[in-house]
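All of these numbers come straight from a predicted model, not from anything done at the bench. Counting starts at 1 for both ligands and their atoms, in listed order.
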Amino acid sequence: MENLEGLRDEILAAVRQAPDLGALEGARISALGRKGRITALMKELGALAADERRHAGQILNALHDDVTAAIAQRKRELGRAELDARLAEERIDVTLPVRPGPLGRIHPISQTIDEVVAIFGEMGFQVAEGPDIEDDWYNFTALNIPPEHPARQEMDTFYLPGAKDGHRLVLRTHTSPVQIRTMQERAPPLRIIVPGRTYRCDSDATHSPMFHQVEGLMVDESTHFGHLKGCLIEFCRAYFGIEDLPVRFRPSYFPFTEPSAEVDIGCSRAGGELKIGRGGDWLEILGCGMVNPKVLENCGVDSARFQGFAFGVGLERIAMLKYGIADLRTFFESDLRWLRHFGFAALDVPNLVGGLHR
Ligand code: PHE
């Protein structure tokens with residue numbers, strides 16, 4: 001019989017050094033295949049004398065077993081290496097920033113709604129909604145604006161033809177009717193904000209017949225004017241990102257709040273340029289007040305026990321101030337160049353931890 005030690009080393013070396021699964025299979029066939037070298041030697045055993053055959057048989061069987069085990073071992077190694085290589089090649093770094101693809105831009109109004117919701121969400125306010133087409137009872141009467149009240153004319157209401165159950169239908173002139181709907185549906189304590197579309201028959205550089213407001217309403221047994229002031233001062237400073245932004249509450253009148261105030265923020269108009277911040281001048285940005293007890297009663301809320309505050313902010317106005325948009329009508333012209341300039345990255349969702357836009 002030929003030099004089995006040399007053969008063994010040769011075969012095991014071929015197996016252990018096989019660079020891939022194909023080469024390993026080649027090495028297996030050349031050793032253990034039907035015409036393999038070990039197979040051929042085993043076939044020769046028959047021609048040997050009995051005691052020689054037993055001895056050579058044991059050696060060949062051991063060789064066969066060793067080669068089989070070495071092949072299995074190499075197979076595992078190659079499999080693992082192949083998996084490692086694939087994992088390395090297909091590796092995805094999930095921490096990489098998203099490529100700005102063809103995702104479009106977020107409209108400044110949507111962005112502003114998200115920012116306002118993030119700020120009030122942090123204070124525990126939940127988002128509520130109501131219909132754009134309102135019943136005049138919700139839009140006016142329940143809010144303590146009786147039929148002949150001048151506020152009905154002042155608001156330049158769009159009336160829809162006809163009536164439902166004796167009530168006229170209107171495009172809501174403010175988000176305040178959602179105060180009424182919420183108080184009818186849910187018992188206090190309430191803490192809601194209502195972003196939504198509103199409509200008034202008016203159109204120029206600072207008015208659009210369709211615009212947006214965010215309403216706020218808080219009702220419980222102990223909320224007072226101090227809470228109203230605290231929440232709105234905090235909102236103004238967080239929204240404009242100016243920690244020492246001056247905020248002033250100026251007495252005003254709304255039928256649905258008593259007392260009522262308008263909120264002004266500090267600004268400067270030096271050199272004909274409007275700048276938000278400490279600057280000696282003032283700019284009105286929202287209306288607010290303590291919910292009128294008559295409004296609570298209109299919703300079946302006991303005004304001897306509950307009280308609260310409400311406010312309404314014009315979204316286009318605060319978006320224009322923050323992002324330097326000069327003409328309100330441009331918001332709704334669907335001009336893609338405008339949207340590319342003033343719009344926001346789709347995945348850049350505002351929150352107070354990551355930061356709002358400045
Ligand atoms: N609804 C008022 C408006 O549209 C704003 C407002 C809301 C004022 C809530 C006070 C309280 O002008």
Side-chain angles (χ1 to χ4, degrees), residues 109 112-113 116 120 125 127-132 134-146 149-158 170-183 190-202 206-219 223-225 227-233 235-236 247-265 283-296 298-299 301 303 306-319 328:
I109 289 299
T112 304
I113 290 175
V116 172
F120 283 106
F125 286 76
V127 173
E129 283 180 320
D132 288 20
E134 260 304 359
D135 177 315
D136 68 351
W137 187 82
Y138 285 97
N139 194 79
F140 295 122
T141 316
L143 287 161
N144 196 36
I145 311 173
H149 196 284
R152 292 212 185 190
Q153 278 79 58
E154 273 166 31
M155 286 211 182
D156 302 308
T157 312
F158 285 115
V170 301
L171 292 179
R172 65 179 177 191
T173 58
H174 49 180
T175 41
S176 301
V178 187
Q179 289 187 32
I180 307 300
R181 292 184 175 274
T182 305
M183 286 192 277
L190 293 170
R191 214 186 284 183
I192 56 151
I193 48 167
V194 184
R197 273 189 262 271
T198 49
Y199 306 83
R200 292 182 201 177
C201 187
D202 210 346
T206 53
H207 297 89
S208 150
M210 188 283 293
F211 60 105
H212 296 76
Q213 289 189 335
V214 176
E215 192 82 7
L217 174 70
M218 165 123 189
V219 179
T223 291
H224 54 66
F225 204 91
H227 297 128
L228 163 65
K229 287 184 73 178
C231 285
L232 291 179
I233 292 171
F235 163 70
C236 293
V247 180
R248 167 174 94 169
F249 289 74
R250 188 168 31 77
S252 184
Y253 174 78
F254 298 103
F256 32 92
T257 48
E258 182 59 36
S260 303
E262 277 170 320
V263 172
D264 300 335
I265 55 172
L283 183 71
E284 180 205 321
I285 64 156
L286 61 86
C288 62
M290 300 305 293
V291 180
N292 191 318
K294 288 187 197 155
V295 173
L296 296 173
N298 289 341
C299 305
V301 174
S303 64
F306 294 104
Q307 57 192 17
F309 64 73
F311 57 87
V313 192
L315 279 173
E316 282 77 4
R317 184 160 170 73
I318 62 169
L328 188 143

So, using side-chain hydrogen bond (donor to acceptor under 3.5 Å, both in side chains) as the criterion, who are the partners of T257 when residues are at least two apart?
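Checked T257 against side-chain hydrogen bond (donor to acceptor under 3.5 Å, both in side chains); matches are S260.
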Any idea which of M290, R200, Q179 brings a heavy atom closest to atom 4 (O) of ligand 1?
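Comparing heavy atoms across M290, R200, Q179, the nearest one to atom 4 (O) of ligand 1 lies in R200.
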May I ask you to list the atoms of ligand 1 that are less than 4.0 angstrom from any heavy atom of [X]?
{"X": "Q213", "value": "3 (C), 4 (O)"}
{"X": "S176", "value": "1 (N), 7 (C)"}
{"X": "F311", "value": "7 (C), 9 (C), 11 (C)"}

For the atom pair CZ (F225) and CE (M290), what is the distance rounded to the nearest 0.5 Å?
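Separation between the atoms: 7.5 Å.
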With ring centroids as reference points, do F311 and F120 lie under 6.0 angstrom apart?
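Yes - the distance between ring centres of F311 and F120 falls below the 6.0 Å cut-off.
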Within the structure, is a non-hydrogen atom of F256 found at a distance of less than 4.0 Å from ligand 1?
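Distance cut 4.0 Å: F256 passes for ligand 1.
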If we only consider heavy atoms of R172, is any one of them less than 4.0 Å away from an atom in ligand 1?
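Distance cut 4.0 Å: R172 fails for ligand 1.
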Residue pairs, two or more places apart or on separate chains, that pass salt bridge (Lys or Arg N to Asp or Glu O under 4.0 Å) and touch residues 248-257:
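Non-adjacent pairs meeting salt bridge (Lys or Arg N to Asp or Glu O under 4.0 Å): R248-D264, R250-E262, R250-D264.
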Apply the test side-chain hydrogen bond (donor to acceptor under 3.5 Å, both in side chains) to residues T173 and N139: give CA-CA distance (whole Å), side-chain angles for both, the deciding distance (0.1 Å), then the verdict.
CA-CA 7 Å; T173 58; N139 194 79; 2.9 Å; yes
Among all the protein's non-hydrogen atoms, which is closest to atom 5 (C) of ligand 1, and how far away is it?
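Nearest neighbour among protein heavy atoms for atom 5 (C) of ligand 1, to 0.1 Å: G312 CA, 4.0 Å.
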With heavy atoms under 4.0 Å as the rule, classify the contact between C288 and ligand 1 as side chain, backbone, both or neither.
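Backbone only; the side chain of C288 stays clear of ligand 1.
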So, H212 versus E316: side-chain donor-acceptor pair below 3.5 Å or not?
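The criterion, which ignores hydrogens and geometry beyond distance, is satisfied for E316 and H212.
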